[in-house]
Peer 1: 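Encoded as structure tokens, here's the structure I'll be asking about.
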There are 2 protein chains.
Amino acid sequence: MPEPSPGFRPTLEAVAARAGVSRATASRVVNGGAGVRQPLVDKVRRAVDELGYVPNHAARTLVTRRTGAVAVIIAEPEIRIFSDPFFSQQIRGISKELTAHDTQLVLLLLEGPGDYDRIARYLAGGHVDGALAFSLHTDDPIPEITRRAGMPTVYGGRPSWTAAQDHQAVPYVDADNRGGARAAVRYLRDLGRRRIAHIAGPRDQASATDRLDGYRDVLPDADPALIAEGGFTAESGALAMAELLARYPDLDAVFAANDLMASGALRVLKEQGRAVPGDVALVGFDDMDSVAEAMDPPLTTVRQDIEGQGRLMARLLLRGLEQDREGAQAPASVITPTTLVRRASA
Amino acid sequence: MPEPSPGFRPTLEAVAARAGVSRATASRVVNGGAGVRQPLVDKVRRAVDELGYVPNHAARTLVTRRTGAVAVIIAEPEIRIFSDPFFSQQIRGISKELTAHDTQLVLLLLEGPGDYDRIARYLAGGHVDGALAFSLHTDDPIPEITRRAGMPTVYGGRPSWTAAQDHQAVPYVDADNRGGARAAVRYLRDLGRRRIAHIAGPRDQASATDRLDGYRDVLPDADPALIAEGGFTAESGALAMAELLARYPDLDAVFAANDLMASGALRVLKEQGRAVPGDVALVGFDDMDSVAEAMDPPLTTVRQDIEGQGRLMARLLLRGLEQDREGAQAPASVITPTTLVRRASA
DNA sequence: GCAGACTATGAGAGCGCTTCCAAAGCGCCC
DNA sequence: GGGCGCTTTGGAAGCGCTCTCATAGTCTGC
């Protein structure tokens, strides 16, 4: 094990000298060794090991114009980041995929609305080769920023300014929110429930509106009063539930647009003396580890493969970066399937 | 707004030419403008704006040897990352502090045990100026890796190979785990509980042993059979609780070393027909947003300011980096206070 | 009005690497 | 045996920036 005074870093020059070759040849070997004869390859490799040489990233980037890093931009207002394992899982998936391709992950958390400038400057600064962005709301400036920076970008979740049927405009990865919602509501209907309410998510998020659309697909004639809007938090779910119960005391099922809101709803249902699933059947969305299974009764919900989505996003971006270099066009979007997980709440 | 063909990036040279000054002067202005006369400063600033100039990061790093980025290394086996908002919060705190100092956050998640090599190579590659690392277990190779790379590092949580009283060896930020545990157990004792059990965390994590020590501080004569070890997960908490109930059917209080285990314990207590807090009082640790308050009854627990710890870690590291340049020594560690949050479970 | 002490500016080297291009080496065929 | 074409190697330019150092300019004080 080489351990030349910590902090000191040998250069390619040093490796070349030690191996008795030119810097050019040493460079070739370090980058795969194509077109260099075996004896020299070995000599250089040995020198690298002996000196503990690691290429200087900045120097390399300066000439290749590639950083080997991508940015992950999370614009979500802080509240959700805290309690939402969603991002952790996506990031885990992204990290796995990036690691497998020797690419680094730079995390860009938006700290408030004035922070877009910083992101713009960062992306323009050539720190990263591409970007992954999440949870865009209508009029989110991120797409414009990445476009200006000429930065290939893949979105997590369909950006709300994109039409659902237009998978080409911008590459994104999303769960089949509409299909999942349809499955959930159909399940409730097939259970014989007649007054199925929906706690929707915020109108400016595509995942929320897609799930609402799924609900409407199955129940086109449902009274709009059976729909209440929440903010994807437990608290807002509780509020929405109370509202629905006031309007429709005889409702017998609720489909909540995410598990967090379902848990808030459950609390209110219990408080108001409704048995779940006896009086009211409850279905959520997301199958969030620490929430759905821990609820009492455990929550029937729609599962999406969040980590898989993360991997997919990274893969799409990496492929895009390759093609970029080859002058091909941007990759298309991907919709991942969802499955209904039956537990005790419905 | 300048928008020269996306992807094209003007150089300092271009800015200098446009402003009619030398590259050196342009550089000075871009870096604060000290020692440049106002008229020239203005001219250069204007040129910067007009061209939409953003300094090339790689070039700058190459000469300054500073990257303006720090690595956040998370070595936790994957399970916990998913369900544990702990990291999200720490990272949020870290991000806030780093952003305020114009420093970037590179996320390094370990993907399995063979991944240390990658981390080592990355740190040695000079991609970052310093590192923040979490949840080190005994014999964790991370400290050795960062030392070799000559990389200033601040730890989150006292590394278990460090003696509790030795705050100097390695800079870390930790909650007052022992004091918090003492407060929790004292509270239970003052409630009049006589058989206070403890569900401890894994023996190789300092936070777990510190909390156990706090328990022992207050109850030095407690039967060791009142202590069961869990793995900081809800499931392991349930298992430990069942074990304890089998050994001590008449226990009347439980102090769990974290909220997740407390939630598992609560489930088992309910299953076995114990009223909480009537028959058994329950106290957790962490005050995890989505868990403690959502439990039924809401969990009395020990709160630590996780986001604050994150900020502190970043601050310590940044200070360390500055001092490093000035040749001063590494910063000392910091212990943050904890508070007991009384809810319904005890 | 001029020496002396600063202060503001520019020229140029050089950070560590990749890569273009030319030179050298080699094998083969006629 | 000489010429042709291929492969392997090295020399050197240059990526965009910072920073040292020399030079030109400005201001004191006497």
Side-chain angles (χ1 to χ4, degrees), chain A residues 4 7-45 47-48 51-69 102 121 124-129 325, chain B residues 4 7-45 47-48 51-69 102 121 124-129 325:
Chain A
F8 168 80
R9 309 251 310 278
T11 70
L12 231 209
E13 188 75 54
V15 171
R18 177 153 194 135
V21 301
S22 72
R23 206 167 61 236
T25 297
S27 172
R28 281 188 271 260
V29 172
V30 168
N31 290 291
V36 178
R37 249 179 312 207
Q38 200 53 45
L40 283 198
V41 171
D42 294 342
K43 261 203 265 185
V44 173
R45 292 249 160 86
V48 165
L51 292 165
Y53 170 77
V54 181
N56 179 304
H57 178 244
R60 184 175 271 181
T61 295
L62 185 55
V63 28
T64 59
R65 270 110 207 302
R66 307 203 49 242
T67 65
D102 233 9
R121 229 171 321 119
H127 295 70
V128 293
D129 299 330
R325 253 168 290 141
Chain B
F8 167 80
R9 308 250 311 278
T11 71
L12 231 210
E13 189 75 53
V15 172
R18 176 154 196 135
V21 301
S22 72
R23 206 169 58 234
T25 297
S27 173
R28 280 187 273 260
V29 172
V30 168
N31 290 290
V36 178
R37 250 178 310 207
Q38 201 53 46
L40 285 197
V41 171
D42 294 342
K43 262 203 268 187
V44 173
R45 292 251 161 85
V48 165
L51 270 57
Y53 171 75
V54 180
N56 178 304
H57 179 245
R60 185 176 269 180
T61 294
L62 185 55
V63 28
T64 60
R65 274 115 206 300
R66 306 201 49 241
T67 64
D102 234 10
R121 228 170 323 118
H127 294 70
V128 293
D129 299 330
R325 254 168 287 140

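Letters A, B, ... are given to chains in the order of the sequence lines, protein chains preceding strands, and every chain is numbered from 1. Hydrogens, waters and symmetry mates play no part in the numbers below; they use all other heavy atoms, side chains included.
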Peer 1: It should be established whether A:Asn31 places a side-chain nitrogen or oxygen under 4.0 Å from OP1 or OP2 of nucleotide C:dT18.
Peer 2: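 Result: yes.
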Peer 1: A:Asn56 has an atom CG; how far is it from atom P of D:dC15, in whole Å?
Peer 2: 18 Å
Peer 1: Let me know the distance between CG of A:Leu62 and P of D:dC17, rounded to the nearest Å.
Peer 2: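 Nearest whole value for this atom pair: 9 Å.
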Peer 1: Below the 4.0 Å mark, does C:dG16 have OP1 or OP2 next to a side-chain nitrogen or oxygen of B:Arg65?
Peer 2: yes
Peer 1: From C:dG16, C:dT19, D:dT18, pick the nucleotide closest to the side chain of B:Arg60?
Peer 2: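 Of C:dG16, C:dT19, D:dT18, D:dT18 is nearest to the side chain of B:Arg60.
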Peer 1: Counting side-chain heavy atoms from CB outward, which of D:dG16, C:dT19, D:dT18 is closest to B:Arg23?
Peer 2: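 So the nucleotide nearest the side chain must be D:dT18.
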Peer 1: Phosphate oxygens OP1/OP2 of C:dG10: is one of them under 4.0 Å from a side-chain N or O of B:Ser22?
Peer 2: yes
Peer 1: Taking only N and O in the side chain of A:Thr25, is any of them less than 4.0 Å away from OP1 or OP2 of D:dT9?
Peer 2: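 For D:dT9, OP1/OP2 do not have a side-chain N/O of A:Thr25 under 4.0 Å.
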Peer 1: What is the distance, to the nearest angstrom, from the CZ atom on A:Arg66 to the P atom on C:dT19?
Peer 2: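 Rounding to the nearest Å, CZ of A:Arg66 and P of C:dT19 are 11 Å apart.
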Peer 1: Taking the minimum atom-to-atom distance to the side chain of B:Ala59, which one of D:dC17, C:dG16, C:dG10 wins?
Peer 2: D:dC17
Peer 1: Side chain of B:Arg37: nearest nucleotide among D:dT20, C:dA8, C:dG16?
Peer 2: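 Within the option list, the nearest is C:dA8.
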Peer 1: Considering heavy-atom distances to DNA chain D, does B:Arg28 or B:Tyr53 have its closest nucleotide positioned more toward the 5' end?
Peer 2: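 Counting from the 5' end, the first nearest nucleotide belongs to B:Tyr53.
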Peer 1: For the side chain of B:Val36, starting at C-beta, report the closest nucleotide among D:dC17, C:dG10, C:dT9.
Peer 2: C:dT9
Peer 1: Less than 4.5 Å apart, side chain to side chain, heavy atoms only: is that true for B:Arg18 and B:Leu51?
Peer 2: yes
Peer 1: Of the listed nucleotides (C:dG10, D:dC17, C:dG16), which one gets closest to any side-chain atom of B:Val21?
Peer 2: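 Selected nucleotide: C:dG10.
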Peer 1: Calculate the interatomic distance between B:Leu12 atom CG and D:dC19 atom C1'; express it in whole Å.
Peer 2: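 It works out to 13 Å between those atoms.
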Peer 1: Carefully, step by step, assess B:Arg60 and B:Leu12 under the rule side chain to side chain contact (heavy atoms under 4.5 Å, CB included).
Peer 2: CA-CA 11 Å; B:Arg60 185 176 269 180; B:Leu12 231 210; over 6 Å; no
Peer 1: Backbone N or O of A:Val54 within a donor-acceptor pair of the B:Arg121 side chain at under 3.5 Å?
Peer 2: no
Peer 1: To the nearest angstrom, how far is B:Arg9 atom CZ from D:dC17 atom P?
Peer 2: 8 Å
Peer 1: Taking B:Ala58's backbone N and O only, do any of them form a donor-acceptor pair with A:His57's side chain (distance below 3.5 Å, no angle check)?
Peer 2: no
Peer 1: Please pick, from C:dC17, D:dC17, C:dG10, the nucleotide with the shortest atom-to-atom distance to any side-chain atom of B:Val63.
Peer 2: D:dC17
Peer 1: Without decimals, in angstroms, what is the distance between A:Lys43 NZ and D:dT8 P?
Peer 2: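 That distance rounds to 16 Å.
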Peer 1: Donor-acceptor check, side chain of A:Arg9 to backbone of B:Ala124, threshold 3.5 angstrom: yes or no?
Peer 2: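 Yes, because the side chain of A:Arg9 sits within donor-acceptor range (under 3.5 Å) of the backbone of B:Ala124.
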Peer 1: Looking across every strand, which nucleic acid part, if any, lies under 4.0 Å from B:Thr11 by heavy atom: base, sugar-phosphate, or nothing?
Peer 2: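 Here B:Thr11 touches the backbone only, sparing every base.
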